[in-house]
*Asks:* 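Structure incoming, see below.
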Amino acid sequence: MPEPAPTRIASTSASAPPVALTVNGVPLTVAPGTTVAAAVCIAGAHARTSVSGEPRGPLCGMGICFECRVTVDGTPHRRGCQVLCAPGMDVRTS
Amino acid sequence: MSAHFDLVVVGAGPAGIAAAIAAARAGRSVALVDDNPAPGGQIWRHGAHLPAAARKWLVELQASSVVPFYGWRVIDHPAARLIRAESGADCTDLQYDRLILATGARERFLPFPGWTLPNVLGAGGLDAMVRGGLPIAGKRVVVAGTGPLLFAVAGHLAARGAKILAICEQAQLGHLASFARCLLSDPAKLFQGAGYMLAARGARLHTGCWPVAAAGTTQLESVTLCQGSRKWTVACDYLACGFHLAPNTELAQLLGCRTAYGFVVTDDLQRTSVTDVFCAGEPTGIGGVELALIEGQIAGLAAAGKLRDAQSLVPRRQRKLGFVAALRESCTLNPSLRNLADEDTIVCRCEDVRHAALRGRASWRDAKLHTRCGMGPCQGRICGVATEFLFAWHADSVRPPVLPAMVSSLASPGPTRNQPASLSAETAISAHSKETP
Ligand SMILES: Cc1cc2nc3c(=O)[nH]c(=O)nc-3n(C[C@H](O)[C@H](O)[C@H](O)COP(=O)(O)OP(=O)(O)OC[C@H]3O[C@@H](n4cnc5c(N)ncnc54)[C@H](O)[C@@H]3O)c2cc1C
Ligand code: FES
């Protein structure tokens with residue numbers, strides 16, 4: 001088991017540079033502090049398709065509902081509303 | 001390897017922050033764990049535009065010796081005085097002498113036709129998305145549901161340039177009036193409903209009104225509202241709809257803490273029925289940010305052994321309890337809302353279980369077994385709260401993980417789970433809940 005790795009507050013100051021990432025391969029630039037869930041909406045994509053085939057997007061915005069889950073840098077089922085966009089991030093919806 | 005702290009605080013909302021700072025000031029080693037990438041909980045996260053008081057708490061937290069674990073969610077309690085947290089694919093165990101649960105609350109959602117369409121969100125949900133960078137300027141928004149959160153959200157979104165088309169509160173005006181009286185009698189004016197109303201000016205407030213359907217092809221295009229026998233349809237970009245809050249008590253239940261009426265029972269010093277486990281903020285009763293801060297400080301001081309200092313804050317807590325009761329009263333759901341869902345309406349969004357499949361079921365357990373309702377990744381956090389209202393079902397006992405975990409996090413063997421300590425005599429005498437019907 002790895003040693004706990006404390007995280008410091010992510011910088012959300014307006015002076016920080018914009019963040020460039022891709023959503024389904026399409027380049028997108030967002031303000032620092034933008035969540036992956038918001039980036040997916042900005043890209044005009046839906047986060048996921050439900051088991052009966054409905055498009056779904058975020059509901060709770062706070063990590064509870066799992067409707068915003070996407071694949072981030074190859075890791076599936078990340079809750080987009082709980083992950084901040086980072087430079088070079090590869091976000092995939094399903 | 002696992003790290004040891006005198007005190008582990010779960011939840012970095014106002015309650016958890018206040019608790020962590022109070023205990024660190026008293027010289028204790030403190031870990032503060034939160035699922036979110038930043039501290040602040042439901043109200044103070046996503047940094048910008050915070051009131052001065054909030055910034056003061058966050059600055060003090062950053063300057064303190066509190067060890068942050070942001071982006072870590074607590075998923076299990078594998079052994080006595082040990083909790084397990086995971087972050088992405090990483091997993092760690094934190095040992096504690098004392099534990100403070102400040103896990104907050106989530107929005108209550110009720111199913112209605114079309115509520116699964118993209119761009120139908122919770123009220124707090126849309127607010128959080130906007131704080132997280134979703135552009136809202138110029139968008140047409142209907143805010144609906146119940147509770148003061150609707151006004152806070154409408155005000156915030158309006159300030160960011162959203163066009164608030166309507167605020168629909170399910171409660172009748174009479175219910176709101178008693179709540180408004182309470183707000184006026186509390187100079188702190190929690191939620192500052194009136195001010196937010198002004199900020200959202202231009203928006204019509206409809207009372208006794210709720211959405212009966214949302215429509216759109218691949219995302220929301222319009223919402224149909226009803227007020228008594230009147231029905232009308234409004235074209236909009238977003239529906240922000242939440243029916244007040246439900247406490248996050250899963251971790252407390254996993255630890256064996258006693259609950260009553262759905263809330264964690266504590267004594268005056270925020271001690272739960274389990275020895276050395278404290279609880280503060282919304283899980284003990286929905287009461288807003290100021291009460292969460294007071295309870296957090298009491299819990300932090302008490303857990304650090306500063307009992308007299310903790311005790312000195314208790315009267316301040318007591319003065320806020322009238323607000324808790326008024327809030328509960330004003331947010332009581334109209335029974336007609338049980339008829340919102342039709343037989344095709346999805347109730348469990350994870351497994352797409354429709355209302356028709358649930359109607360004949362005897363209990364939550366029966367529904368889970370036969371329909372997979374509540375078996376998806378949210379583990380019934382959304383549909384469990386809804387079915388409690390719709391069918392008067394109660395969720396069965398909580399099992400780990402309290403949030404879906406990566407399989408590897410659960411595989412590591414641990415000593416046997418500790419048994420909850422029985423209610424001590426002292427706790428039994430003074431134990432109470434903020435929430436009594
Ligand atoms: C949009 C909005 C506006 C509001 N406006 C006002 C207002 O104007 N005035 C007012 O008084 N109140 C307001 N509220 C209510 C206020 O947010 C709450 O009263 C307050 O946040 C409660 O604080 P808390 O610390 O108890 O819980 P929370 O703020 O909910 O914090 C709990 C934290 O615990 C974390 N957590 C839970 N479980 C786990 C776990 N297993 N592992 C790791 N982390 C976990 C959560 O992610 C969360 O960050 C508002 C709420 C919202 C959503
Ligand atoms: S929107 Fe609910 S978990 Fe992200």
Side-chain angles (χ1 to χ4, degrees), chain A residues 1-14 18-19 30-42 44-69 72-86, chain B residues 1-3 31 35-39 42 46-48 58 62 67-73 85 87-94 106-107 109 115-122 124-135 218-219 248 346 349-352 376-378 381-382 403-404 412:
Chain A
M1 220 174 298
E3 277 289 317
T7 359
R8 279 284 160 195
I9 305 178
S11 162
T12 52
S13 79
V19 178
V30 296
T34 301
T35 61
V36 167
V40 168
C41 294
I42 293 168
H46 299 310
R48 71 175 194 104
T49 305
S50 79
V51 296
S52 66
E54 291 187 352
R56 292 284 169 81
L59 173 70
C60 73
M62 55 160 85
I64 302 282
C65 72
F66 285 74
E67 287 285 27
C68 64
R69 59 190 193 269
V72 175
D73 291 333
T75 308
H77 309 308
R78 301 284 324 262
R79 291 163 300 161
C81 69
Q82 301 300 90
V83 181
L84 295 179
C85 294
Chain B
M1 274 295 290
S2 67
D35 198 14
N36 290 282
Q42 294 323 329
H46 302 306
L58 290 171
Q62 193 141 23
V67 180
F69 290 84
Y70 305 142
W72 288 84
R73 57 190 161 140
S87 176
D90 294 337
C91 168
T92 192
D93 285 354
L94 300 176
R106 56 183 178 265
E107 264 184 291
F109 299 108
W115 79 298
T116 54
L117 278 170
N119 294 354
V120 178
L121 292 92
L126 180 59
D127 194 82
M129 286 292 293
V130 169
R131 287 169 200 257
L134 181 74
T218 56
Q219 61 182 44
N248 295 324
I346 286 173
R349 302 171 62 117
C350 294
E351 299 287 339
D352 286 0
C378 96
R381 278 185 175 60
I382 305 295
L403 286 167
S412 33

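When reading the values below, keep in mind they use all heavy atoms of this one structure, side chains included, and skip hydrogens, waters and symmetry mates. Predicted model only: the values in this text are computed from it and were never measured. The chains referred to below are lettered A, B, ... by the order of the sequence lines, with proteins before strands, and numbering in each begins at 1.
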*Asks:* Tell me, out of A:C41, A:G57, A:S52, who's got the most heavy-atom pairs with chain B below 4.5 Å.
*Replies:* A:S52

*Asks:* Could you report the tightest heavy-atom contact between B:G132 and A:A38, atom names first, then the distance?
*Replies:* O-CB, 3.3 Å

*Asks:* At what distance, to the nearest 0.5 angstrom, does OG of A:S50 lie from CD1 of B:I346?
*Replies:* 5.5 Å

*Asks:* Quick one: do A:R56 and B:D352 satisfy side chain to side chain contact (heavy atoms under 4.5 Å, CB included)? Show the steps, please.
*Replies:* CA-CA 11 Å; A:R56 292 284 169 81; B:D352 286 0; 2.8 Å; yes

*Asks:* Taking the side chain as every heavy atom from C-beta outward, state whether A:H77 and B:P377 have any pair of such atoms under 4.5 Å apart.
*Replies:* no

*Asks:* Nearest 0.5 angstrom please: A:R79 CZ to B:D35 CG, how far?
*Replies:* 4.5 Å

*Asks:* Can you tell which part of B:V130 gets under 4.5 Å to a heavy atom of chain A, answering side chain, backbone, both or neither?
*Replies:* neither

*Asks:* Any chance you could measure A:T34, atom OG1, to B:M129, atom CE, to the nearest 0.5 Å?
*Replies:* 10.0 Å

*Asks:* Below 4.5 Å from any heavy atom of chain B, which atoms of A:V30 appear? Answer side chain, backbone, both or neither.
*Replies:* neither

*Asks:* Between B:N248, B:T116, B:N36, which residue shows the highest count of heavy-atom pairs closer than 4.5 Å to chain A?
*Replies:* B:T116

*Asks:* For A:C65 and B:C378, work out which heavy atoms get closest and say how close.
*Replies:* O-CB, 3.7 Å

*Asks:* Could you state the interatomic distance from CG (A:L59) to CG (B:N119), rounded to the nearest 0.5 Å?
*Replies:* 11.5 Å

*Asks:* What are the two closest non-hydrogen atoms of A:G61 and B:A128, and how far apart are they?
*Replies:* O-CB, 3.5 Å

*Asks:* Within this structure, what is the OG1-NE2 distance for the pair B:T218 and A:H46, rounded to the nearest 0.5 Å?
*Replies:* 4.5 Å

*Asks:* Which heavy-atom pair separates B:G133 from A:I42 by the least distance, and what is that distance?
*Replies:* O-CD1, 3.7 Å

*Asks:* Of the listed residues (B:E107, B:R106, B:R349, B:E351), which shares the most heavy-atom pairs with chain A below a 4.5 Å separation?
*Replies:* B:R349

*Asks:* Answer with side chain, backbone, both or neither: which region of A:A31 has an atom nearer than 4.5 Å to a non-hydrogen atom of chain B?
*Replies:* neither

*Asks:* Kindly compute the distance separating SG (A:C81) from CG (B:L134), expressed to the nearest 0.5 Å.
*Replies:* 12.5 Å

*Asks:* If you count heavy-atom pairs under 4.5 Å with chain A, which of B:S87, B:G125, B:G124 comes out on top?
*Replies:* B:G125

